[in-house]
Number of protein chains: 4
Amino acid sequence: MRRKLTQRGRQRREQLMHRAARLFAERGYDPTSVADIVESLGVGKGVFYWYFTSKEELLAEILKASNHDLRRRQEAAIGDEPDPLERIAIGVRASLEWFRDHRDYFSIIQFAATDERFAPVLRRNRETALGDTIRHLKDAIVAGRIPDQDPEMLALAVLGVVEQLTRRYLVDGDEPVDRVGAAAVSFCLHGLGG
Amino acid sequence: MRRKLTQRGRQRREQLMHRAARLFAERGYDPTSVADIVESLGVGKGVFYWYFTSKEELLAEILKASNHDLRRRQEAAIGDEPDPLERIAIGVRASLEWFRDHRDYFSIIQFAATDERFAPVLRRNRETALGDTIRHLKDAIVAGRIPDQDPEMLALAVLGVVEQLTRRYLVDGDEPVDRVGAAAVSFCLHGLGG
Amino acid sequence: MRRKLTQRGRQRREQLMHRAARLFAERGYDPTSVADIVESLGVGKGVFYWYFTSKEELLAEILKASNHDLRRRQEAAIGDEPDPLERIAIGVRASLEWFRDHRDYFSIIQFAATDERFAPVLRRNRETALGDTIRHLKDAIVAGRIPDQDPEMLALAVLGVVEQLTRRYLVDGDEPVDRVGAAAVSFCLHGLGG
Amino acid sequence: MRRKLTQRGRQRREQLMHRAARLFAERGYDPTSVADIVESLGVGKGVFYWYFTSKEELLAEILKASNHDLRRRQEAAIGDEPDPLERIAIGVRASLEWFRDHRDYFSIIQFAATDERFAPVLRRNRETALGDTIRHLKDAIVAGRIPDQDPEMLALAVLGVVEQLTRRYLVDGDEPVDRVGAAAVSFCLHGLGG
DNA sequence: AATGAATGAGGCTTCATTCAT
DNA sequence: AATGAATGAAGCCTCATTCAT
């Protein structure tokens, strides 16, 4: 595939991805047909297959793009903060903010994780997120800031807290991100023993 | 529907539910066809519709039954333990054990939560689980065992930790439940500030 | 088939026929399943196939029985009335009365006439009804009571009037049979030129 | 649904309707499968659902279209004929002619009238036909051309005669329409008392 | 780049009928 | 006589994908 797209072409492509993301979030991936997507945009079916090889590729692209975007947001937020625990706290808050601004992606990611067709892509994403956190945790342990425990387990626990609070308060609900962030950070830092 | 089932009938019904659960866990709900289920059991397609109105109903039944079973396990484990924090710890460990013994259900539940067709059933299940935990937390707060914070948020955080560690170490992996349980409990109790 | 039935057996059979007739009238033959019939009677499926070879046979039996009954009613009403036009008038009224008392059969017959599977049975029934009327008409022509016209056409016209008024006023509606009968007879006798 | 169809598309749609009408007339609606229709046209199954939402909609469209066509024929035939009885006579003959030219539709309409799924559409059609005739009858009564009787009943009687003779002589048989028309008109006008 | 049309495999469900008990 | 269970063909419809224009 990999077409060279004009300016307008790139816009169409993004338009398709956004619309698809919204529909996937609302109804789920399988129940949303390619016809649904193009119809909701008022274009013909050919358009879709001009920009994507298949419905499957579309979702994969969505996952990749969103992950990339979230990651950039986190990195920008953390900057060169030296304190490892603070870096975790910042990362947590950045994640919450990003999901608040991209509600749709939450359920898509959630779904993709349960589907063998997409789990691989997701797995890779998750590993990177995990890796980042683990690095900070190791730094913290080395620096004596928290007790010496399995950093992977700790990282997973942190992710679990973020995931759960995100769903409830930012995706399903509409809580101020500060309040949720404060609770999440507090729970995690204490949980880590810091 | 509600048929009067004979002994044999009840067995068939359960057989269908178990087999379906396994296939749903392996391939996902939508990609698993009714034909797949009955074929894998070597029976005719009609059998399925003798016991269930639809594929959708089947999943709903699976969700209901598994939730019921998990809940019973927790209650049995907690017994009449008076200490609220200990009750949470026991509940956490019981959940981990149950999921280790019923791996299939984990991904099914995970998926169902992302699908508007089943979210309602799931939501109800989740609310009960949450409610239980919240009750313990309030007791703990009243007893001065942990600081006064929003118990719902805390409960969600605990569930998040459990969910994440379960997936990684008991569903995808095969870690001894004790080690995982210890980490989970430790993280949570510290996180709660207890 | 042709079983020797006990008293109770004959009752069951009739019960099935009546219930089926009602359901066929309400929903149509094809859309009514054997399961619908037996369920609505609270019995097992075996019962049905004990008394009838097939769903098709059931409808044929219903058609035969109802035709037989209607014919008996007409004959009883006509008795030995000597005037051929009066015999037609009496026949018309008798038909109207019978259909008022057996609404269900009207739409069943109507349907069966359009279906190649049952048209044969129906055709035979219709021919007898027609034959009766034609006989009266020929008598009337010979007796100089009405002009000499094609008696078959006349007979069909009479049946057409009866059918239409029956549907509107006795099946769909609930008009007194006398009023409808008077109109039908008047229209027909004038139409015949009598 | 409501698609924008190209020239070719409109042709396909009509082709499907005509073919379906023929098959429905031959075998009945329920016994004719969508597969039968598309196969007999040598196209894929998807084609059908590109043009119609369902098999049910297809029949409804057929009924609507045929009714529309019959009505136009009648109106064209009647023109501005001033004599109300003559208008009825012309209408009767026009109906006979139309059905001779569209045999298929006769049994379809006949069937649809007995099926609760289509009765509504049919009912509306029938009401218009009835309404037209009633109007002429009222004119005739006012003009003193026929005795004062319930015009609805009379109209139904007329329709009944037409229906019956149509079936026998033009659909099942192949009589010259003039002869049948003459008999129908004569019977009806006398029947009306004109 | 884009459209309407077409394909055809495959999914869910129904149902007449048969069978073991 | 009767029941619950089972069969499996067949029906309706969906949908990812391709094609001609």
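Just so you know, these numbers use all the heavy atoms, side chains as well, and skip hydrogens, waters and symmetry mates. Sequence lines set the chain letters: A, B, ... in the order given, protein chains first and strands last, and positions in each chain run from 1.
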- Side-chain donor-acceptor pair under 3.5 Å between A:Asp69 and A:Ser66, yes or no? no
- Message: Under a 3.5 Å threshold, yes or no: a donor from one side chain and an acceptor from the other, between A:Arg8 and A:Gln11?
- Response: no
- OG1/B:Thr114 to CZ/A:Arg167 distance, rounded to the nearest 0.5 angstrom? 9.0 Å
- Contact under 4.0 Å: C:Arg8 side-chain N or O vs F:dA2 OP1/OP2: yes
- Query: Which stems does DNA chain E form, counting runs of 3 or more consecutive Watson-Crick or G-U wobble pairs with both distances under 3.5 Å?
  - Reply: E:2-21 with F:2-21
- Item | Nearest-nucleotide 5' precedence on DNA chain E, B:Thr32 against C:Glu56 | B:Thr32
- Could you tell me which non-hydrogen atom of C:Lys55 sits nearest to which non-hydrogen atom of C:Asp30, and how far apart they are? NZ-O, 3.5 Å
- Query: Going by number, which of residues 109-120 of chain A have a non-hydrogen atom under 4.0 Å from DNA chain F?
  - Reply: none
- Message: Using every non-hydrogen atom in the two residues, find where D:Ala20 and D:Leu58 come nearest and quote the distance to one decimal.
- Response: CB-CD2, 3.5 Å
- Message: For the aromatic rings, using the six-membered ring if either is Trp, is the centroid distance between D:Phe118 and D:Tyr29 under 6.0 Å?
- Response: yes
- Query: Nearest to the side chain of B:Tyr49 - E:dG8, F:dA1, E:dT14?
  - Reply: E:dT14
- Task: For C:Lys55, answer base if it contacts any base atom (sugar-phosphate contacts may also be present), sugar-phosphate if it contacts only those atoms, and nothing otherwise; contact means non-hydrogen atoms under 4.0 Å.
- Result: sugar-phosphate
- Message: Please tell me if B:Arg12 has a side-chain N or O lying less than 4.0 Å from either OP1 or OP2 of F:dA6.
- Response: yes
- Query: Between F:dT3, E:dA2, F:dA9, which nucleotide gets closest to the side-chain atoms of C:Val47?
  - Reply: F:dT3
- For D:Trp50 and E:dA6, is the shortest distance between a side-chain N/O and OP1 or OP2 below 4.0 Å? no
- By nearest-heavy-atom nucleotide on DNA chain E, the more 5' of A:Gly46 and C:Ser33 is A:Gly46
